[in-house]
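Structure, as C-alpha cells:
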Amino acid sequence: MTFELSHLVIISISYLLLLFLTAFATERGYLPAKIANHPVTYVLSLGVYASAWAFYGTIGLAHQYGFLFLAYYLGICGAFLLAPVLLIPILRITQTYQLTSLADLFTFRFRSSWAGTLTTLFMLLTVLPLLALQIQAVTDTAQILTRHAMPEKLALGFCLIIITFAILFGARHIACGKKHAGLVVAIAFETLIKLIAILIIGGYALFVVFSGPTDMQGWLNDHTSALAALQTPLDEGPWRTLLLVFFASAIVMPHMFHMCFTENQSRNALSVASWGLPLLLLLLSISIPPILWAGLKLNNPTHPEYFTIGIGLASQAPWLSLLGYIGGLSAASALIIVTTLALSAMVLNHIVLPTVQPQGNQNLYQWLLNVRRILIVLIILAGYGFYRLLGAEQDLSNLGIVAFVGALQFLPGVLSVLYWPQGNHKGFICGLIIGFIVWVITLLAPLLTDLPQPSLINSLLNYWGLGSNTEPWHIAAIGSLLINTLVFIVVSLITHMPDAELSAANACAVDNIHRPARKELVVCTPQDFQAALSKPLGSHMAQQEVDRALGDLSYSYDERRPYALRRLRDRLEANLSGLMGPAVAKDIVDTFLPFKHNSEGYVSEDIQFIESRLERYRSQLTGLAAELDGLRRYHRQTLESLPLAICTLGKDNEVLMWNEAMSQLTGIKTHQIIGSYLEDVSEPWQSLLHRTIQDTNNHLHKQQLVINNEPRWINAHKAAIPSITSFSSQNSMTANSHQEAPDQNTSLQQVNIGGFVILLEDQTEAQLMAEKLLHSQRLASIGQLAAGVAHEIGNPVTAIACLAQELEAESTDPVTTEMAGQIVTQTKRISNIVQSLVNFAHSGSTPKLIPNVEQVNLSTTIDEAIKLISLKQQDKVVHFTNACDRSIVIKGIAQRLLQVFINLLNNARDASPDQGKITITSSIYQQGLSTQLKKYAIISVIDQGGGISEANQRHVFEPFFTTKDPGEGTGLGLAMVFNIVREHSGRITIKSPLQQTSPLGTQVSVWLPIDMER
C-alpha cells in the first residue's frame, strides 16, 4: 500500500494553509478575542514542545530506554510545576524589559553583547540537530508512504514549503512589541491535531490490534520480554540525567522560550499552564506503550520510531497511516516555524545589527523585516544542510538527545539570572564556551564523522572506572554541565563585576528590586527625545517609538518632569530591545540619550521608581521582606496623613515627596509635582522653598506671601538629609558614623547634604487673630481717649454754640444772623460726631437709635451731602447726579444719615477719575407676604472708579482698614457708615466691578426700611 507523492504534497500544503488561515483569521478579529486570549489556548500553544521527536522519536526512545521515555514529559512538567519560582520571575523580567529571547535575557543580565552573541551562535549549533530531526521525520514518513527513492528532494521540497509559511506566520510585518495572537492560536490548533491523531492511533492499537486492554495484557504475559524491556532501564538507566536534560530544554530551547514568555499574554496564563501543560503531556504520552506493543505484535517492518505510520500500513488502514503523517507533519512544522522565528530574531539582534548598522534615512522597520525574512530562509536551509551532512542515517532519538544536551549548557546561566547575582559575564562566557567545546567533541562531532561516540569517550569512562554499559551521551551531558558550572563559578568569584552589571543583576534577582540611579538627562522634553533618536532610527521611526513609549506610560508631549523623562528613557530602551535586542538598544540609548557627565546618584537611587516597584510586587513579598515593606508603608502613610505640610527635596532640588497637606496648602497636586525640579513649582511657593533652603537658619517664622491678593503667613522649617550614594554602601556608612559623626554645631556647608526635608506651617489664622486682638486693644484705648476728647472738645464747642446763639438773637444784620445759625448747626454736628465716636469705641455694644426720630426725605439729604462735599476743593472735577425719587421718606435721624451719604460720596469722588460721573439712584424693594410685608428704600451710589477687589470687599467695613495713602484716610469712615445703617435696621452691599471693561466702576447700595422698627 503506497500513496502518491503529489497527494502528500497537496495534503501538506493544504494543512499548512489551514494553519495560516487560522492565524490570519485570529489577527483580523474573526475569532473571538476571549478564545484567542484564553489560558487554555495558551496551554495548547505550549504543545509546540511535543515536536516530531515526541510523535515519532519517543516511541524509539521507549524501545531503546523503556519507561525512560517518560523523562521527556516529566522534565518539562517539573519546570512548569516550579513556575512560581522559575518561570514567572523570568516572565516578569522579559515583559518589563521587552526581552524576546534567551540571548536578550543574557545580554541584559550580564550587560555584555558577547553574552548574547555567543548564546545565539551556540543556540544555532544546538538547534541544527533538532531542525534536522524534524526534516528527517517528515522526509522518512513521506518516503515510507510513497516509496520515493530520493529523500533529499523530499526534504528540500518540505523546507521550501516551510520557509514560505514561516515567513507568512511571523515575518509579514514588524510586531513592535505586540503579541502574535494568530501564531499562538495556530500552534494551539496544531497541538489539538497531533493530540487527536496520537490518541486515535493509540486507541486503534489498543482496541483494534489488541482487541482491548485484556487482550493486550494477555499478549504481554506471553511476551514478558516486551514489558521487561520497558522496566529494566528504569532501574539501571540514567533517568535522572534525562530528567535534567528535558527540564532545561523546557526553559532554554528557543521555541519554548518564545511561546512561554515572548507570546505570553498574562501571568495568569502561565499559572494555568503550570498544571494544564502536564495534563496535556500526559494525554500525549499515554498512547506511546500501546503503539509500541502493537507495532511489535504486528512485526512491523518499519523502525520503531515510525510505528505510528507502520501500524496503519501493517493493518491495511491507509487512513490511519495518513493520520499519522499529518500528526507528524503538524508537530514538525510547528517546531520549525516557531524555532526559526525565535532564532531569526536572535541572529538579527545579536549578530547582524551589531555588525551592520542601517542608515538613519532608511525605513528601518522595512529593513528589519527584510533581514529577518532572509534569516528565516538561511536558518531553515542550514537545518537542511545539516540533514544532508547526516545522510539520514541517525535515529531520531539520538538527534534529539544531542540537541537537548546542548541546550543543557544554558541552564547555569538561567539559574544565575534569578538566584546568583554574583555571577558575572566573564564567568558565564567562559563556562559556556568550555561546556560547548565538550558537547561538540563528545556528541556533535560524532554525528558528522565516521568516528563513533564510544571511541571518543571511552578513555574518559575508563579513567573514572565506569562500566562499559554507561551511555556516552550521559557522561557527555554530566561532564559538560559540570565543567561549565565550575568554570562559571570560579571565574565569577575571581573577577570583578562592573557596576552596570551589578545593577542588572539586582534587577533580575528574585529577591531584589531594581534600583536605578537618579540622574539628570541631557534632553529635557519628549521632542528632544525624538530629535536625538532621529539620527540612528530616522525621523519616522523615532516619532513612532517616542509616541509608543509615551502611550505605554500615559504621558503627554508636554511632560517635563525629570522622573518622567527617566521612565520614558527606560521605556524607549525596553521597546527598542524588543525590536533590536538589548545590546543594540542600550548602545543607541546610551549614545543618543545620555545622562549628564556630572550627574550623580543621590539619596540612594530613584525613590519614586523603587516605591512603584515595591507596590507592584507587594503581594509577592513574604517573611521579613513583607514585614519590612509593611513598616515602609506604615511610615509612608504616616507622612502622607500628617496635618503638617511636608516635602522632600533631593540634592539636585528634585521633589521626592509631597504629602497631602502640602497639596492642600499650596494647591499643587502630588502627581503633578513629584519628580519635578523645584524650579517647576509655582510662585510664591518656589521662592519660599528656595529661601528656606538657602537660609543658614533652619527655622523661618512668619514669611508673608500674597496668594489670590490675600496675605498669608507661613512658618518654614528644614532638616538636612545626609548624602547616601547607594543602598549597598549604607552599612559602611553606618559603621563609620560612630567614629566620624559630625558635630551638631557643624554648619550645613560642612556636611555632605543629600537633600532636605521641609515642613511648612500656615500661621495665617494665628496672625489674623493676633491682629484682631491688637485691634481690640486699640479700640479699648480709643474708647478711653474718646471719653477724654468728648469732655475736652465738648466744653469749647458748647461755649461756641452759646456765643453763636447769643449773636443770632441780638444781631439785626441778616447776614450775621444767618452765619450765626450755621455756626450753631455745625456745633451740633460736631457734638453728634464726638458722641458717635464714643458710641463706636464701646466694644461689644450695639449702638441704639436715639429717640428723636424724624421723617427724612432721602433725596433732600443726598442734595445736602452733595452740597457739603462740593465745598471741599480738589484738583479734579467730579459731576454728581442725584436721580433719587423725591417721594421716598423714611423714619430716621437726618443728621446721621447725612453723615452716611457724605462718607459714601466722598469715597466715590476719591475713586473717580477727573471729569468722572457719580450717580445716585433709588428703588423700592418689597419682601415677605402681604401680612408681613417689608419695604426697603435702596439708595445706590455708582462711580466710575477702578473698582474694589474681592479681597478688599471683605474688609472695607472693618475699623482702620483703608487703601488710601498714609495721611489721606483713617479707615473709620465706612466702619461708622456700617454702624449708622445698622442703627436704622438696614444693611449695606457692594457690587464691584460693575463691568469688565474700563472704567470698571463700583456700586454701593444702602438698604433702609421705609417703616423702621423702633
Side-chain angles (χ1 to χ4, degrees), residues 92 94-99 175-179 365 507 513-580 582 585-586 588-596 599 601-602 605-617 647-650 652-658 662-663 666-682:
R92 170 184 64 84
T94 56
Q95 289 185 340
T96 302
Y97 302 104
Q98 295 288 302
L99 308 178
C176 294
K178 296 181 180 179
K179 309 296 183 183
Y365 289 121
I513 297 295
H514 183 36
R515 307 184 300 237
R518 187 163 50 84
K519 298 179 180 179
E520 187 178 0
L521 284 166
V522 173
V523 294
C524 301
T525 65
Q527 290 81 358
D528 293 341
F529 277 79
Q530 181 177 329
L533 291 176
S534 295
K535 299 176 183 179
L537 303 180
S539 58
H540 176 68
M541 184 175 182
Q543 180 179 357
Q544 282 197 323
E545 290 304 316
V546 172
D547 289 344
R548 183 156 67 101
L550 288 171
D552 293 342
L553 298 171
S554 299
Y555 290 164
S556 62
Y557 258 96
D558 59 356
E559 186 62 71
R560 298 294 185 275
R561 293 178 299 160
Y563 165 76
L565 296 179
R566 291 194 296 270
R567 299 289 73 75
L568 179 60
R569 182 184 186 272
D570 293 342
R571 191 66 201 177
L572 279 168
E573 182 177 348
N575 289 346
L576 290 176
S577 175
L579 284 173
M580 304 177 173
K586 184 177 185 300
I588 290 175
V589 170
D590 288 346
T591 303
F592 296 95
L593 300 174
F595 293 106
K596 291 184 178 179
S599 182
Y602 313 116
E605 294 81 359
D606 208 327
I607 302 298
Q608 292 83 19
F609 190 74
I610 296 172
E611 289 273 356
S612 64
R613 292 292 298 275
L614 284 172
E615 287 298 326
R616 184 182 303 175
Y617 297 112
C647 70
T648 303
L649 303 176
D652 55 348
N653 285 344
E654 183 178 336
V655 180
L656 303 179
M657 190 191 74
W658 193 273
M662 180 68 83
S663 296
T666 62
I668 303 173
K669 298 299 182 182
T670 301
H671 70 274
Q672 296 174 338
I673 197 62
I674 285 291
S676 300
Y677 286 123
L678 183 55
E679 287 71 18
D680 298 325
V681 179
S682 59

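Below, all heavy atoms of this structure are taken into account, side chains as well, without hydrogens, waters or symmetry copies. Position 1 is the first residue of the sequence; numbering continues from there. A quick note: this is a predicted structure, and the numbers were derived from the prediction, not measured.
For S534 against S539, the heavy-atom pair with the smallest separation is OG-CA, 3.6 Å. Between F592 and A532, the shortest heavy-atom contact is O-CB, 3.3 Å. Closest approach of E573 and A585 over heavy atoms only: O-CB, 3.5 Å. Nearest approach of L572 to L533, heavy atoms of both residues: CD1-CD1, 3.9 Å. Residues L565 and V523 share a closest heavy-atom pair of CD1-O, 4.2 Å. Closest approach of L550 and S556 over heavy atoms only: CD2-O, 4.0 Å.
D590 pairs by the salt bridge (Lys or Arg N to Asp or Glu O under 4.0 Å) definition with R569, K586, not counting sequence neighbours. Q530 is linked by a side chain to side chain donor-acceptor pair (under 3.5 Å) to Y557, counting only residues two or more places apart in sequence or in another chain. With sequence neighbours excluded, the residues forming a side-chain contact (heavy atoms from CB on, under 4.5 Å) with T591 are D587, listed by chain and number.
Note that CD of Q543 and CZ of F529 are 15.5 Å apart. Values are rounded to the nearest 0.5 Å. The distance from atom CG of L568 to atom CG of N575, rounded to the nearest 0.5 Å, is 9.5 Å.
Of the options R548, H540, M541, a side chain to side chain contact (heavy atoms under 4.5 Å, CB included) to Q544 is made by H540 and by none of the others.
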Is there a side chain to side chain contact (heavy atoms under 4.5 Å, CB included) between L537 and I588? Walk through the geometry before answering. CA-CA 9 Å; L537 303 180; I588 290 175; 4.1 Å; yes
